[in-house]
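Right, one structure below, let's go through it.
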Amino acid sequence: MVWTWRYEKADGTVVAPGSGPAEEFAGQGDAETWIGENWKQLAEDGVDRAVLLDDDREIYTMSLHEG
């Protein structure tokens, strides 16, 4: 099992953040900790929402906008 984040614009277009290739995580908790520490930079890079993936299965989608 590999956990990753997919980054999207508000219209669902997949975008690559300016920080380079996608991070891979051994577990959901590690992935959630990472996004908690990096979401502001991702939003500044033009990402509107992040989708948590377990391999290719979508777990949930979250907005990177405050409020």
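Throughout, residue positions are numbered sequentially from 1 according to the sequence presented. Side chains included, hydrogens not; waters and symmetry mates left out as well; all remaining heavy atoms used.
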For V51, which fellow cluster members are found when Ile, Leu, Val, Met, Phe, Trp and Tyr are connected by side-chain heavy-atom distances below 4.5 angstrom, either directly or through intermediates?
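Cluster partners of V51: L53.
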Parallel, tilted or perpendicular, judged at 30° and 60°: which one describes the rings of Y60 and W5?
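Geometry flag for W5 against Y60: perpendicular rings.
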Going from [atom1] on [X] to [atom2] on [Y], what distance comes out if it is rounded to the nearest 0.5 angstrom?
X	Y	atom1	atom2	result
E24	D30	CD	CG	12.5 Å
R6	D56	CZ	CG	9.5 Å
M1	Q28	CE	CD	8.5 Å

Please determine whether salt bridge (charged side-chain N to carboxylate O under 4.0 Å, His left out) holds for the pair E66 and K40, giving the CA-CA distance in whole Å, both sets of side-chain angles, and the decisive distance to 0.1 Å.
CA-CA 9 Å; E66 295 185 67; K40 286 184 181 182; 5.1 Å; no
Using the rule that Ile, Leu, Val, Met, Phe, Trp and Tyr join whenever any side-chain heavy atoms are under 4.5 Å apart, tell me whether I59 and V2 fall into a single cluster.
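Different clusters.
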Treating Ile, Leu, Val, Met, Phe, Trp and Tyr as nodes and any side-chain heavy-atom pair under 4.5 angstrom as an edge, say whether V14 and W39 lie in one connected cluster.
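No; tracing contacts between hydrophobic side chains, which count when under 4.5 Å, never links both residues.
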With heavy-atom distances below 4.5 Å as the criterion, would you say the side chains of L64 and M62 are in contact?
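In contact.
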Please tell me if the side chains of D54 and L52 come closer than 4.5 Å, counting only heavy atoms from C-beta onward.
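Not in contact.
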D45 side chain vs V47 backbone, donor-acceptor pair below 3.5 Å:
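Checked: no pair found.
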Not counting sequence neighbours, which residues clear side-chain contact (heavy atoms from CB on, under 4.5 Å) with D48? List them please.
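In terms of side-chain contact (heavy atoms from CB on, under 4.5 Å), with neighbours along the sequence ignored, D48 is linked to K9, A10, H65.
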Exercise: identify the closest heavy-atom pair between Y7 and A50:
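Looking at all heavy atoms of both residues, the closest pair is CD2-CB, 4.2 Å.
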